[in-house]
Amino acid sequence: MSNAEKRGKRQVLLRPSSKVVVKFLQVMQKNGYIGDFELLDDHRSGKIVVELIGRINKCGVISPRFDCQTKDIEQWVQNVLPARGFGHIVLTTTFGIMDHEEARRKKTGGKILGFFY
């Protein structure tokens, strides 16, 4: 997705599709980094077509999925994101998949999935 954004493409095809990828894209869409996306069912693992709007500088996954308590979120933000108040870390929590700001508001921790800015 980052490579297509750098090349100036308007759309990108992601495969394989999964529930986690769809939720990650919904967080990106809610924060205004991508446009609409569409799920294509090919009777296998599925594909996703994402409309790009030119706001993504970098997005990536953090593997392994490290545990992150509420008090540790700030340290992860400093380590992963380029500046304060810029970009988002995506966490999977007991309340669902959300960005670090929403997790901080709900006072919950979880496992880190990835980041985008």
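Keep in mind it's a predicted model, so treat the numbers as computed, not measured.
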Look at the rings of Tyr33 and His88 and say which category their plane angle falls in: under 30° parallel, 30 to 60° tilted, over 60° perpendicular.
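The arrangement is perpendicular - the two ring planes meet at more than 60°.
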Treat each ILVMFWY residue as a node, draw an edge where side-chain heavy atoms are under 4.5 Å apart, and state whether [X] and [Y] are in one component.
X: Phe24; Y: Ile89; result: no
X: Leu39; Y: Ile97; result: yes
X: Ile48; Y: Val27; result: yes
X: Leu14; Y: Val90; result: yes
X: Met98; Y: Val77; result: no

Approximate separation, where rounding is to 0.5 Å, of Lys30 NZ and Asp99 CG
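It comes to 5.5 Å.
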Separation of Arg65 CZ from Lys111 NZ (nearest 0.5 Å)
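Spacing of NZ (Lys111) from CZ (Arg65) equals 9.0 Å.
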Between [X] and [Y], is there a donor-acceptor pair closer than 3.5 Å when you use the side chain of the first and the backbone of the second?
X: Gln69; Y: Gly109; value: no
X: Thr93; Y: Thr108; value: no
X: Gln29; Y: Ile34; value: no
X: Arg104; Y: Thr70; value: no

Does any part of the side chain of [Y], heavy atoms only, come nearer than 4.5 Å to the side chain of [X], both counted from C-beta?
X: Tyr117; Y: Pro82; value: yes
X: Leu91; Y: His100; value: yes
X: Leu81; Y: Phe86; value: no

Mind running salt bridge (Lys or Arg N to Asp or Glu O under 4.0 Å) on Lys106 and Glu102 for me, showing each step along the way?
CA-CA 6 Å; Lys106 290 186 177 180; Glu102 189 178 345; 3.5 Å; yes
Heavy-atom pair with the smallest gap, counting every atom of Gly35 and Ile53:
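In terms of heavy atoms, the two residues are closest at N-CG2, 4.0 Å.
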How far apart are the closest heavy atoms of Ser2 and Cys59, and which atoms are they?
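Between these two residues, the closest heavy atoms are OG-N, 3.3 Å.
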Step by step, work out the side chain to side chain contact (heavy atoms under 4.5 Å, CB included) result for Asn31 and Phe116.
CA-CA 10 Å; Asn31 288 298; Phe116 57 92; 3.9 Å; yes
What do the steps show when you test Met1 against Leu52 for side chain to side chain contact (heavy atoms under 4.5 Å, CB included), and what is the final call?
CA-CA 9 Å; Met1 201 151 71; Leu52 300 175; 4.0 Å; yes
Between Arg84 and Glu74, does any side-chain N to carboxylate O distance fall below 4.0 Å?
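Answer for the salt bridge query: yes.
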Using a strict threshold of under 4.0 Å (side-chain N to carboxylate O), is an ion pair present between Lys9 and Glu51?
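Judged by the 4.0 Å cut-off on N to carboxylate O distance, Glu51 and Lys9 do not form a salt bridge.
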Can you confirm whether more than 12 heavy atoms, excluding those of Arg10, are under 6.0 Å from its CZ atom?
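Yes, CZ of Arg10 has more than 12 neighbouring heavy atoms, counting only those of other groups under 6.0 Å.
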Report, as yes or no, whether the 6.0 Å neighbourhood of atom NZ on Lys58 holds more than 12 heavy atoms from other residues, nucleotides or ligands.
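It does not: Lys58 NZ has 12 such atoms or fewer within range.
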When you look at Met28 and Val50, which way does the side chain to side chain contact (heavy atoms under 4.5 Å, CB included) test go after all the steps?
CA-CA 11 Å; Met28 291 178 81; Val50 181; over 6 Å; no
Before giving the answer on side chain to side chain contact (heavy atoms under 4.5 Å, CB included), spell out for Ile62 and Leu113 the whole-Å C-alpha distance, their side-chain angles and the decisive distance to 0.1 Å.
CA-CA 6 Å; Ile62 296 174; Leu113 286 179; over 6 Å; no
Do Phe66 and Trp76 make the cut of ring centroids closer than 6.0 angstrom?
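Phe66 vs Trp76: aromatic centres under 6.0 Å.
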